[in-house]
Amino acid sequence: MIAAQANQCLNYYRGEKRVFHQDAPKWLIEHSEISSQKILDNISPSDALPGAIIAARTRQEPNYYFHWIRDAALVMESIVGRRSLTSDPAEIKVIDKKISEYVEFSKRVQSLPTPAGLGEPKVNVDGTVFAEPWGRPQNDSPALRAVSLLKISKIFKKKNLLNSMIKTDLDYVADQWRKPSFDLWEEVEGYHFYTLMVQRKALTDGAEWAKSIGDTASEKKYREQKYEIEKTLLQDFWNKDGDYIPTTSFRTGGMGSKHSNLDIAVVLALLHGSTGDGVFKYTDPKFLKTLESIEARFKNLYAINNRNDLHGVAIGRYPEDVFAGHDFSGGNPWVLATLAMAEAYYHVARELKSERNSNWQNYMAKGDTFVHRVERHANPDGSLSEQMHRDSGFMTSVSDLTWSHSAVLTATKARGQLQSR
Ligand code: NOJ
Ligand code: NOJ
């Protein structure tokens with residue numbers, strides 16, 4: 001496969017263009033079949049405890065053979081979404097089994113004596129504590145786990161088990177959100193738009209859930225804290241001289257130099273933290289400006305973005321990034337970041353369409369350009385790594401990052417919503 005791939009690329013550079021696929025929705029739908037399979041393969045691999053979700057199969061430089069709480073929760077959400085779209089009963093059966101295993105594994109993780117308690121970012125796949133130095137706590141993790149469990153509770157029978165797990169995470173979020181924590185990239189300690197947005201979502205959905213089970217004390221507590229988070233988000237995350245939402249409002253520690261404060265994390269924050277209640281809409285001018293700023297900045301950053309024959313802009317995590325997976329030789333565009341731009345524009349289009357604004361199709365088309373970019377660099381066998389090399393476009397860093405495949409599923413779902421009336 002590697003030889004075939006190299007050949008294809010050589011042909012490409014010789015000018016014999018690789019058959020450039022098709023329209024974006026077609027590619028997404030086709031790729032979803034592969035992505036779903038890849039995701040299911042990475043849940044409960046044979047040498048792990050059932051329910052462990054590996055971030056990727058790569059075990060060296062870097063070792064991604066761990067269950068990251070964040071990745072696992074996002075993967076679960078994407079697979080629950082896929083469950084509602086697929087008509088294959090065999091696939092649904094496998095998905096249900098993996099969901100149930102994830103719940104059991106997460107139950108175990110919640111009670112582990114980890115260094116950062118419920119804010120622990122990752123555990124070993126045999127369900128034991130990972131105790132080496134790491135950026136911790138990462139307080140987006142329990143919030144995302146709660147959101148995934150809340151989704152699962154709509155389709156899963158073991159209500160008592162789920163309810164106690166959900167409450168454990170939500171109480172932690174409500175009690176801890178005022179403390180600084182490491183960001184989703186595991187580098188910067190402080191207060192982050194992404195973390196606060198997903199904490200707000202967990203408490204918003206959690207208050208509804210508490211109400212539904214008659215737990216009025218928790219409902220009140222979650223609602224109060226959600227409003228407090230909202231105030232912080234509105235006050236601290238707009239620089240009137242800037243033209244984008246800053247990713248971190250106040251830094252307390254950690255590594256790296258991120259002087260621009262421009263980060264795809266802000267886009268992921270809406271994708272993972274939107275509550276559909278009108279607060280932080282995709283069509284909010286601040287958010288639209290953020291999308292534009294991100295595209296403009298990354299366009300000039302990577303060589304592969306300056307070839308006229310390629311569509312769409314490849315997007316990285318943040319401009320100052322140097323993490324190349326195996327080393328720190330310079331940041332690259334990421335599959336999940338580029339697809340996040342597509343998905344966000346699909347949501348912009350969805351909001352405009354519901355307001356009967358005829359501009360929506362332009363935003364949908366804009367989203368498609370980012371899908372074309374990923375399509376161009378995807379391996380011919382459908383595998384998707386974490387990153388795309390900034391100069392060659394080849395897939396690089398860990399192969400088949402589970403989260404990359406989840407990004408295909410969620411972008412497909414968002415694109416599909418535009419198709420229906
Ligand atoms: C591993 C983290 O997962 C990654 O996000 C980070 O950039 C590097 N460590 C550098 O700290
Ligand atoms: C590095 C990323 O920065 C982080 O967000 C992710 O959780 C881990 N890799 C595992 O995929």
Side-chain angles (χ1 to χ4, degrees), residues 35 38-39 42-43 45 48 52-78 109 116 119-125 130 132-145 148 181-190 192-195 197-198 247-248 251 253-258 263-269 271-273 315-340 384-388 390 395-408:
S35 288
K38 296 268 191 191
I39 290 171
N42 283 356
I43 307 176
I53 304 182
I54 50 170
R57 287 198 175 262
T58 309
R59 292 173 193 254
Q60 265 182 338
E61 296 188 338
N63 183 0
Y64 269 42
Y65 213 79
F66 292 98
H67 174 100
W68 259 272
I69 314 307
R70 164 179 39 258
D71 297 45
L74 295 172
V75 164
M76 265 302 135
E77 278 199 72
S78 75
V109 171
E120 187 65 19
K122 66 177 188 181
V123 297
N124 297 320
V125 301
F130 167 82
E132 287 166 39
W134 206 253
R136 51 168 75 88
Q138 294 179 20
N139 284 344
D140 59 324
S141 300
L144 291 168
R145 183 168 53 209
S148 76
S181 82
F182 275 80
D183 74 324
L184 81 166
W185 308 136
E186 320 193 280
E187 296 172 336
V188 176
E189 187 196 57
H192 317 287
F193 188 78
Y194 180 86
T195 306
M197 281 291 284
V198 299
T247 191
T248 299
R251 186 184 172 124
M255 52 170 279
S257 123
K258 295 172 74 169
D263 199 314
I264 193 68
V266 169
V267 177
L268 293 166
L271 297 181
H272 306 159
I315 305 290
R317 298 194 294 183
Y318 55 92
E320 303 84 0
D321 197 4
V322 292
F323 175 62
H326 38 276
D327 59 25
F328 293 87
S329 58
N332 288 306
W334 282 41
V335 171
L336 70 89
T338 308
L339 287 175
L384 293 172
S385 304
E386 181 181 68
Q387 308 180 15
M388 306 176 274
R390 60 189 176 276
M395 289 276 140
T396 184
S397 185
V398 297
S399 43
D400 279 324
L401 181 79
T402 320
W403 185 355
S404 294
H405 290 291
S406 291
V408 171

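All values reported here derive from a predicted model rather than from experimental measurement. In each ligand, atom 1 is the first atom listed, and ligand 1 is the first ligand listed.
Considering only residues two or more places apart in sequence or on other chains, W334 meets the side chain to side chain donor-acceptor pair (under 3.5 Å) condition with none of them. Residues forming a side chain to side chain donor-acceptor pair (under 3.5 Å) with S406 (at least two apart in sequence, or on another chain): S78.
At least one heavy atom of L401 sits closer than 4.0 Å to an atom of ligand 2.
No donor-acceptor pair closer than 3.5 Å links the side chain of H67 to the backbone N or O of V125. Remark: side-chain polar atoms of H405 are not paired, donor with acceptor, to backbone N or O of V75 under 3.5 angstrom.
Among residue pairs with one or both ends in residues 318-329, those qualifying as salt bridge (charged side-chain N to carboxylate O under 4.0 Å, His left out) are R317-D321; sequence neighbours excluded.
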Quiz prompt | E186 and R70: CA distance, side-chain angles, deciding distance, salt bridge (charged side-chain N to carboxylate O under 4.0 Å, His left out) verdict | solution = CA-CA 11 Å; E186 320 193 280; R70 164 179 39 258; 3.6 Å; yes

Exercise. Take R57 and D400 through the test salt bridge (charged side-chain N to carboxylate O under 4.0 Å, His left out) and record every step on the way to the result.
Key: CA-CA 7 Å; R57 287 198 175 262; D400 279 324; over 6 Å; no

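The shortest N/O to N/O separation between W334 and ligand 2 does not fall below 3.5 Å.
Around ligand 1, the residues contributing at least one heavy atom under 4.0 Å from the ligand are W185, E186, E187, M255, R317, F323, F328.
Here is the list of ligand 2 atoms found below 4.0 Å of a heavy atom in W403: 5 (O).
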